[in-house]
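Contents: one structure, followed by commentary.
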Amino acid sequence: MKNKGLVIVFASILAILSIYQLSFTVKSNLIRKEAKTFAKGDQAKQKQYLDSLDKKPVYSLLGSDFTYSDLKDREMNLGLDLRGGINVILQVSVKDILKNLAGKTDNLIFNKALQMASEMQKSSNKPYVDLFFEAFDKINSQSKNPVKLSSPEIFGNRNLADDIKFDMPDSEVKDVIIKKVDDAMVSAFEVLRKRIDKFGVTQPHIQRLGKSGRILVELAGAKDIERVKKLLQSTAQLEFWHAYNAQDVLPYLKQVDAMVAQQAVKDTTKSPEDLIVDQKSKESLFKYLQPGNFSRVGLAKVKDKKRIEKMLLSKDAIKMRPNELKDVIFYWGKPAKKSELVYLYAIKGNRDTIPPLGGDVITDAQSSFDQFGKPAVTMQMNSKGAKKWKAMTTTAFQDKTGIAIVLDNIVYSAPGVTTGPIDGGRSEITGNFTVEEAKDLANVLRAGKLPAKADIVQSEIVGPSLGKKSVNGGLMSFVFAFLLIFLWMFGYYGKAGIASDLALILNILFIFGILASLGAVLTLPGIAGIVLTIGMAVDANVLIFERIREEMRRGKSLRSAVDDGFQNALSSILDANITTALTGIILLIFGTGPIEGFATTLLIGIATSLFTAIFITRQLIEWYLAKGKTLAFDTVISRNWFSKVIYNFLKRRKIAYMVSGTIILVGLISIFTNGLNPGVDFVGGRTYIVEFDKKVNPIEVKKDLTKQFVDEKGNQFEPQVKSYGGENQLKITTKFLIDKEGEQVDNEVQHRLFNGLKPFFPKGYTYEQFISSEDNKTIGRMQSIKVGPTIADDIKTGAFYAVIGSLIVVFLYILLRFKKWQFSLGAVAAVFHDVLIVLGMFSLFWRIAPFNMEIDEAFIAAILTVIGYSLNDTVVIFDRIREFMNEHHTWPLNKKINEALDSTLSRTLNTSLTTLVTLIAIFIFGGESIRGFVFALIIGVIVGTYSSLFIATPIMYDLAEKEEKKDKRKK
């Protein structure tokens, strides 16, 4: 073998670098174990212990000292499913950005275009701003009074005066607006990045998703999930307003109270019985709102907020406002933690609803404590803000009124100014804060405000307890599969199998080392990808060893057989791995989250497997032979296995066509009658994994939840409730309120979920316990997933392109390599055959299977992997057929093909069995979350092996034979 020294040097360097990189993961895990032992279950104590090591040297390596913080930055990056945490896609409202750029205009054409663009977005992948321009042009062209985008009532306002001139054509205005929207998205991205950097999560991931206005945020290891959601969704729109005193507003509130009471009595839609009830209950404003004092004009229960807003903002109530209250704005305060009461404030608004002072003047914000020792946030303003602040406090002092400090339309405090004007631009926000809330608010204010609201349109929350289970299951499946393959290779190939096993150990070291070096995320599907890679690495060695055995049976010496075996197997190995790599690349392009992790590990595994199988295994074999020892590539048991197999595959092809046709037909009938079970990835919705302390009946749970999931119109939303990984664990899926966005909506759904499940939890179990993310949590919400309708449509589209794209790419590759379209068509027909059977199986069994069989992103990843595996098998066989065609010109076509199939049968079955064993190990030990994914792979491997022998090759033969007969007739 040439370049032996180079291979040894490269392998040694790669091994040393891998060990170096992985040592940080080992050390950081040891430190966390020490912290856990020290804390004895006290989470706060454990965190304090680890925080104390952040800046201290805890590890020395090659003359360098590393702190615990350094170790965390360099350790293996675990995904949500292994570590717990939150993954969200935020939709920054481009609609709101456009409204702000247009100065919140009331222009009819502009606002109609926004509405039309919002509707168009539901079925389009185009950026919202492009859809807006399409809608605007259409509506404007049909209007009797068309307007230009540069007109003062749209984008030709004073805010954009430097960029847009009055006579500027629409095409140029569009370019300016697109640039402004993109700048706003960059600003939103930077604001979120600054907030996340200060949050203290190791290895956070944040990424803009094209020009969709979406931003992906993944915080593995984050435990206080509700805190994270608030941090991400807070617009941080800080405003300072003059506030009315309660006595200024009370007369007006009394008028509204009387009006509401009178309207309730006069309501002609009510029956006499309802009128009697109303008169007895005295329906009125003050029934729900208790009059207040100073800047707090009233006090109410949180549950009555919407009812009070409806009364105060009714057309009749607005008409009744006296001149001095014409522009009043009613804002609610921030309720204390666990409190059911909230204060109402009346703000002195103006015609344009522009605050006298905004948050853009804040230069610094720090968490602190107020004069009573309660958490607060102190802020420092720039010179412009300080001047305006002095003027505002002067007015408030003179009028003896308060100044409301409003953040995202919530009044945090409205202090009075009692000691005179405040100079220097220093202010303080007080309220019902915890220490962490004060820190988060200061962080948000320092990072700056978002240019528009950001709603969570897709989310996945995994509790740390579920993550630990996944880690344990993943490791168990990994170790079990590894041991089985070790034993199989040694039992089948003897001492040569040991060389393969040693190369496999090195291969795994390389995979984990490269993953850690690249900062790639290791997910549970990623572990599945590594285990699958082990099977593929074995496949390469099986191909080589089978060719060596074949050469030895032809009478060649051991040395010549080894040389020729490695040489002749190379083409098949490369072709098989390239076709799988092509599907992996497509997965990487179209996949997100765990699927992206699966694709990453698969691609890295393919590269390292090729290197270790082709070079390392050969180095070990040649090192052994150089000692003058002989090496058998079999054992007494396996010596004659498959060596004299003579089977006429082509003769049975019509039987195979009939069997496959029947299975596919049954599957298609089931798909059209029984259907498939689409996951929330494809249809939108919310899914929760909930664990209980005892066995629960899914039917009873479903009944109680259906009573909770009722919208304002009285429509009931029946959830899907299934057992998940045990009798005390349920998977609950609902579409209730999925078409609405916002933190309040998410909280409402979660509260209703808890209320429906409350009878099944222990007595005294609280909502806070239900949503908590404790390390050792045993009951409550373990995982939640949300996918909005628009995101679901995008995922479906991406999945379709991924599958079609992989088929086209593979068809072209096989055509390029084998130069005959019959090979390509045979391979693609077999792939379609395999996909249809897997789909049919999922349709037939999803209602009765004891595990999840949803059609989701993971299933698409499984389908693409099945495509890759099926092609892997098919290409190896085709490669041997091509070889026989070049060597045996006198043989008839059917003999060439049958001989090729017989000669590769040992490799085909060997590889399939080893891969199947690894997949079964993952299926048993890998955890509930990937069981459906692995089941699809198991079916795919079985069907893929069958189709490469009985579908792909016979179809290729029929097409080639037909072409031969056609050519003969022409001659």
Side-chain angles (χ1 to χ4, degrees), residues 8-36 50 53-54 57-83 85 201-205 220-221 467-468 470-483 485-486 501-534 537 594 596-612 615-616:
I8 293 170
V9 169
F10 181 76
S12 301
I13 292 171
L14 195 55
I16 291 166
L17 288 175
S18 296
I19 293 167
Y20 171 83
Q21 195 65 47
L22 291 171
S23 69
F24 297 110
T25 302
V26 173
K27 183 63 180 177
S28 61
N29 283 332
L30 288 173
I31 290 171
R32 278 193 283 271
K33 196 174 281 186
E34 289 170 9
K36 197 172 183 180
L50 293 172
L53 301 177
D54 265 350
V58 292
Y59 183 50
S60 295
L61 186 65
L62 302 177
S64 299
D65 291 329
F66 299 94
T67 64
Y68 178 58
S69 182
D70 295 329
L71 294 183
K72 287 190 291 184
D73 289 338
R74 288 170 168 80
E75 71 178 339
M76 177 77 73
N77 195 358
L78 299 181
L80 295 189
D81 48 5
L82 295 178
R83 194 173 178 182
V201 175
T202 309
Q203 298 169 320
H205 177 62
K468 284 178 185 175
S470 298
V471 170
N472 294 336
L475 285 174
M476 182 123 18
S477 67
F478 180 78
V479 170
F480 191 73
F482 202 67
L483 288 173
I485 288 173
F486 256 56
D501 290 342
L502 291 173
L504 200 57
I505 293 171
L506 207 56
N507 181 28
I508 289 163
L509 175 67
F510 291 163
I511 291 171
F512 282 109
I514 292 168
L515 279 171
S517 301
L518 295 176
V521 180
L522 180 64
T523 61
L524 198 55
I527 292 177
I530 292 172
V531 177
L532 194 61
T533 298
I534 292 171
E596 193 175 0
F598 172 78
T600 303
T601 53
L602 187 66
L603 289 170
I604 291 170
I606 287 170
T608 56
S609 296
L610 282 172
F611 175 72
T612 53
F615 297 107
I616 302 300

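Keep in mind that the numbers below use all heavy atoms, side chains included, and drop hydrogens, waters and symmetry copies.
Residue T25 comes nearest to S28 through the heavy atom pair O-OG, 3.0 Å, listed as atom of the first residue, atom of the second, then distance. In terms of heavy atoms, R74 sits closest to Q21 at O-NE2, 3.2 Å. Across L518 and I604, no two heavy atoms sit closer than the pair CD1-CD1, 4.1 Å. The heavy-atom pair separating A15 from F510 by the smallest distance is N-CE2, 3.5 Å. The nearest pair of heavy atoms linking K27 to L71 is CG-CD1, 3.6 Å. L50 and A35 get closest at one heavy-atom pair: CD2-CB, 3.6 Å.
Taken from OH in Y59 to CG in D70, the straight-line distance is 12.5 Å, to the nearest 0.5 Å. In this structure, CG on L504 lies 11.5 Å from CG on L509, to the nearest 0.5 angstrom. Note that the CD1 atom of I511 and the CG atom of L603 stand 11.5 Å from one another [nearest 0.5 Å]. Here T612 contributes atom OG1 and L506 contributes atom CG; the two are 7.0 Å apart, rounded to the nearest 0.5 Å. The CD1 atom of I616 lies 8.5 Å from the CD1 atom of I8; values are rounded to the nearest 0.5 Å. To the nearest 0.5 Å, atoms CG (N507) and CG (D501) are separated by 12.0 Å.
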Item to check | Full working for side-chain contact (heavy atoms from CB on, under 4.5 Å) between S517 and L17 | outcome: CA-CA 9 Å; S517 301; L17 288 175; 5.9 Å; no
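Under the 6.0 Å cut-off for aromatic ring centres, F611 and F10 qualify, their centroids lying closer than that.
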